[in-house]
Amino acid sequence: NFYLKEARQQQCRYVREQRVKNRRFRAMQQMISAGDDHFSEESMRMRNPLLYDQLIRRFQSEEERSTAERPDMTNCSLSNIIMEHMDLDRERNLKKRLQGEEDEEEFDTDSEDEDEDSERTEDRVNLEDEEKQALRHEFVQSAYQSFLAGRDSGINYQQIDEDSNLDDLALENRENEERYFDEDEFDE
């Protein structure tokens with residue numbers, strides 16, 4: 001009876017999708033608490049340089065930019081320098097590609113809107129620390145959502161999606177109970 005119930009749940013698309021979401025969320029939590037490099041600011045910036053530029057970099061002072069862009073001098077081997085340069089080139093190319101895609105999506109050529117946008121950009125350059133933190137939080141949340149949606153390269157999502165050790169059994173039981181009671185309400 002247990003195996004029959006388990007087989008039915010595997011076939012139920014909603015249950016399967018919910019289980020995948022929960023497993024990815026749990027894997028993300030474990031990666032963050034373990035200090036995984038995937039969720040470091042540098043890694044998130046490299047995966048989405050355009051969003052980083054729009055939400056964080058353009059509001060940084062010159063001092064903050066120079067500190068962030070300063071090369072890591074702890075390992076000055078030739079291979080490390082070459083790898084950092086390759087990463088920088090890849091990031092620039094990705095940013096250009098994303099910018100091109102964004103420009104194609106924006107077909108609005110109304111000059112009044114452009115004037116308003118440029119005025120808003122000038123006003124927003126000097127943001128308070130609280131506003132900068134809110135934008136940084138938005139950037140980090142975007143990176144988390146990208147991970148949960150399965151869009152990050154270099155992650156074996158199939159392995160995460162099939163790992164039953166990531167199941168939160170208490171949460172799963174609560175969802176099953178809610179679904180059961182929701183079905184009872186519809187029957188009445």
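When reading the values below, keep in mind they use all heavy atoms of this one structure, side chains included, and skip hydrogens, waters and symmetry mates. Nothing fancy with the numbering, it's 1 onward along the sequence.
- Taking OG from S146 and CE from M28, the interatomic distance works out to 11.0 Å, rounded to the nearest 0.5 Å.
- Hydrophobic clustering of Ile, Leu, Val, Met, Phe, Trp and Tyr side chains at less than 4.5 Å, counting indirect connections, unites L148 with M31.
- Contact of the R136 side chain with the L55 side chain is not registered, since no non-hydrogen atoms from C-beta on lie closer than 4.5 Å.
- Classification of D163 and R23 as a salt-bridged pair fails, no side-chain N sitting under 4.0 Å from a carboxylate O.
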For residues 32-40, dump all side-chain donor-acceptor pairs below 3.5 Å to protein atoms at least two apart in sequence or in another chain.
| unit_1 | atom_1 | unit_2 | atom_2 | d |
| --- | --- | --- | --- | --- |
| S33 | OG | Q29 | O | 3.2 |
| S33 | OG | Q30 | O | 3.1 |
| D36 | OD1 | H38 | N | 2.7 |
| D37 | OD1 | S40 | OG | 3.2 |
| H38 | ND1 | R47 | NH1 | 3.4 |
| H38 | NE2 | D152 | OD2 | 2.8 |
| S40 | OG | D37 | O | 3.0 |
| S40 | OG | S43 | N | 3.2 |
| S40 | OG | S43 | OG | 3.1 |

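- Listed by chain and number, the residues in a side-chain hydrogen bond (donor to acceptor under 3.5 Å, both in side chains) with Q158 are E162 (sequence neighbours excluded).
- Qualifying side-chain hydrogen bond (donor to acceptor under 3.5 Å, both in side chains) partners for R174, counting only residues two or more places apart in sequence or in other chains: none.
- Residues meeting the salt bridge (charged side-chain N to carboxylate O under 4.0 Å, His left out) test with E62, sequence neighbours left out: R65.
- Residues Y52 and E41 approach most closely at OH-OE2, 3.2 Å, considering heavy atoms.
- For Y157 (side chain) and F147 (main-chain N/O), a donor-acceptor pair under 3.5 Å exists by modelled atom type.
- Taking a 6.0 Å sphere around CD of Q141, one finds it holds more than 12 heavy atoms contributed by other residues, nucleotides or ligands.
- Here the side chain of E131 pairs a donor or acceptor atom with the backbone of E128 at under 3.5 angstrom.
- Residues meeting the side-chain hydrogen bond (donor to acceptor under 3.5 Å, both in side chains) test with E17, sequence neighbours left out: R13.
- Not a single side-chain hydrogen bond (donor to acceptor under 3.5 Å, both in side chains) links R26 to another residue, sequence neighbours left out.
- Atom CG of residue L166 and atom CG of residue N22 lie 10.5 Å apart, to the nearest 0.5 angstrom.
- Annotation for F59 and Q54: closest pair CE1-O, 3.5 Å, computed over non-hydrogen atoms.
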What verdict does the side-chain contact (heavy atoms from CB on, under 4.5 Å) test give for R45 and E42, after you've listed the backbone C-alpha separation in whole Å, the side-chain angles of each residue and the deciding distance to 0.1 Å? CA-CA 5 Å; R45 176 180 55 88; E42 183 176 335; 3.4 Å; yes
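- For I160 against I155, the heavy-atom pair with the smallest separation is CD1-CG2, 3.8 Å.
- A distance of 5.5 Å separates CG of N48 from OG of S142, quoted to the nearest 0.5 Å.
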